[in-house]
Trainee: 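Quick one: structure below, then a few questions.
We use all heavy atoms of the structure for the numbers below, so side chains are in, but hydrogens, waters and symmetry mates are not. Ligands are counted one by one from 1 in listed order, and the atoms in each one are counted from 1 as well.
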Amino acid sequence: MSSFTAPKGTYDLIPPDSAAFTAVRDALAAPLRGAGYGYVETPGFEHVELFSRGVGESTDIVTKEMYTLTTKGGTRLALRPEGTASVLRAALQANLHRVGNLPVKLWYSGTYYRYERPQAGRYRHFSQVGAEAIGAEDPALDAELIILAAEAHRSLGLTGVTLLLNSLGDAECRPAYRAALQAFLRGLDLDEDTRARIEINPLRVLDDKRESVRRQLTGAPMMRDHLCESCKAYHEGVRDLLREAGVPFTDDDRLVRGLDYYTRTTFEFVHGGLGSQSAVGGGGRYDGLSEMIGGPRLPSVGWALGVDRTVLALRAEGVALDLPSATDVFAVPLGEDARRALFTLVTELRRAGVRADFAYGGRGLKAAMKAANRSGARYAVVAGDRDLGEGVVQVKDLASGEQAPVALTGAVGELRQRLG
Ligand code: HAM
C-alpha cells in the first residue's frame, strides 16, 4: 500500500463497484436526454461571490462548507458546492436566454465539494446529476422535472423513494410570512445560534431536527396558510399534473431546503433505507437567482440527484443492476505466432464492436484461462501453433465449457453472430 490514503470524507471509485456507479449516473441522466435537455459542463471552481450571493450568505453551505482558495493573482475562488449557480452563470454568460427558446433546458453531471462532517452517505466530494430549466414560469415545467426524476428512479428499479413537496411562496407573500414566523420564533426558548438564525433565515429553524426545538414548533405559522393567490394556484397546478402523471407525493410544510435561492415549488426525494442522510435528490424553483447574480429576471426550476446516495439506496433495497460484463471475448495465445495472430484478432473484434481482451504478459495456459474466467467474458479464444497451422482457433464457451475449432478468417463473424 502507498503511504497515502484518500482524504477524509472522500472515497475512490474502483472496479467492480465503479460499474454500478457509472450505470446509475447514466440512468439518472437518461430521461433528461429524451426530454430536450442539452448537456452543460462548467468549471470545478468559480468566484466565491457567485455562491455567497447565489446560494446565500446565511446558509451552512456558504458559511461553513465551502472549500475556498486565493490564487497567486489574489482571486478568491471556491470549489463548487453545487451546480445551479454555476449553470445559470454559464447560461447568462453565453446569452443562451437571448439566442434560443425559453426555457433553456440544461443537464449536467459532475463532482461537488462540501466541507461537511463525513458520515454514511455524506461525503466531502460527491457526485450529482442535475437539470435546470431556465427562463419560464409554468407549473408543467416543475412537474416535468419531477416526473423525469421519478422516471429515473423507476428505471433503476428503486421502490423506496418518497417525494416530499412544498411551496415556499414568492416575493409577494414570503416577506409577510417571514415576519409572522419571526414573531412566533422570538417567543420560544432557543439557544443563541438558533436565535441568531431567526433574524437571518427563520425558515431554516423549521427544519431543525432537535427534539427540544421541534416540540416548541407546534403551532408555528406555516407558509401554506400565507401563500398568495397566484402561488396557491401555481402549486395546485403542479400537484394536479403530478397526480395526473401518477407520481405520488407527500405534502411537507417543513421542507425548506438548505439553499436560499428557492421560491414557490420545492421538493426532495428521500429514501427510507439511508438513515439520517436520506435525501437522494432535491430541487425547486429559483425565480430570483438570476437577478441575484446580476442577470435579468429569469424564473427557473431545477433539481440535482445524488449519485452516491442513489447507489446506496439501491444497495439498501438489495437491487442488483443488470450490468453487461466489460468483456465478451478473451483471447489466450499459446506461443509467439499465436500471440501475434490473436492480438490482431482482438483488434479486429474491437473494430467490429465486440468487447475483447487479451492475456498479456506471456502467462501460461492455466493463469491465462483463470484471467479469462475472471474477466466475465462469454468466450475464450485459444490458439497454439498447431491450431494456426490448421488455420483455426479454438472457441470455448466459458459457461458450458464446450469448445470447438473455428476458422481464423471467419472468427470475427462467428463470434459476432454467437454474441447476437
Ligand atoms: P442539494 O439538496 O444540496 O441541492 O443536493 C442535491 C443532492 O445531492 C442531495 O439530495 C444528495 O443526494 C446529494 N448530496 C448533497 N450533499 C451531499 C454530500 N455531502 N454527500 C453525498 N451526497 C450529497 C442542490 O445541490 C441544488 N443545486 C439542487 C437544485 C438544482 N436546485 C435547483 N436546481
Side-chain angles (χ1 to χ4, degrees), residues 8-11 13 21 24-25 28 32 37 40 42 46 50-51 54-56 59-62 64-67 79-89 91 103-134 141-142 144-146 148-149 152-153 158 161-164 166 168 204 207 255-271 274-290 298-314:
K8 188 174 168 188
T10 72
Y11 66 98
L13 262 178
F21 187 94
V24 166
R25 197 170 53 193
L28 295 179
L32 299 167
Y37 289 76
V40 61
T42 63
E46 297 271 356
L50 175 70
F51 301 117
V55 175
T59 58
D60 283 353
I61 292 180
V62 168
K64 301 182 195 155
E65 296 170 3
M66 272 205 300
Y67 283 90
L79 298 188
R80 57 185 183 188
E82 63 104 45
T84 308
S86 311
V87 167
L88 184 55
R89 195 263 314 133
V104 176
K105 302 210 289 188
L106 301 169
W107 77 274
Y108 52 95
S109 166
T111 49
Y112 297 85
Y113 307 88
R114 295 183 193 174
Y115 189 75
E116 297 198 76
R117 199 165 41 79
Q119 64 179 95
R122 186 162 71 190
Y123 311 108
R124 292 180 172 173
H125 165 129
F126 57 95
S127 292
Q128 292 183 341
V129 168
E132 313 293 348
I134 297 165
L141 196 55
D142 307 36
E144 165 178 289
L145 277 161
I146 293 172
L148 292 172
H153 293 142
L158 278 174
V161 180
T162 304
L163 165 62
L164 306 177
N166 194 18
L168 291 180
R204 292 288 294 160
D207 202 24
L255 182 71
V256 298
R257 311 249 318 117
L259 306 97
D260 276 357
Y261 48 61
Y262 290 112
T263 51
R264 291 193 166 172
T265 315
T266 46
F267 52 89
E268 216 156 74
F269 293 95
V270 294
H271 192 276
L274 296 185
S276 66
Q277 302 308 306
S278 60
V280 290
R285 196 150 259 293
Y286 48 94
D287 293 342
L289 180 57
S290 174
L298 281 173
S300 307
V301 58
W303 52 239
L305 306 179
V307 183
D308 314 77
R309 285 190 199 166
T310 306
V311 171
L312 294 177
L314 285 165

Trainee: In plain terms, say whether Lys105 and Glu144 are close enough for a salt bridge, that is, a side-chain N and a carboxylate O under 4.0 Å apart.
Mentor: yes
Trainee: Could you tell me how the ring of Tyr113 sits relative to the ring of Tyr67: parallel (under 30°), tilted (30 to 60°) or perpendicular (over 60°)?
Mentor: perpendicular
Trainee: How about Arg80 and Phe51: do any of their side-chain heavy atoms sit closer than 4.5 Å?
Mentor: yes
Trainee: Does a salt bridge link Glu116 with Arg124, judged by any charged N lying under 4.0 Å from a carboxylate O?
Mentor: no
Trainee: Taking the side chain as everything from C-beta on, heavy atoms only, tell me whether Leu145 gets closer than 4.5 Å to Tyr37.
Mentor: yes
Trainee: A side-chain contact here means heavy atoms from C-beta on lying under 4.5 Å apart; do Gln128 and Leu305 qualify?
Mentor: no
Trainee: Anything with a heavy atom under 4.0 Å from ligand 1 counts, so go ahead and list those protein residues by chain and number.
Mentor: Glu82, Thr84, Tyr108, Arg114, Glu116, Gly121, Arg122, Tyr123, Phe126, Gln128, Glu132, Arg257, Leu259, Tyr261, Tyr262, Ala279, Val280, Gly281, Gly282, Gly283, Gly284, Tyr286, Gly302, Trp303, Ala304, Gly306, Arg309
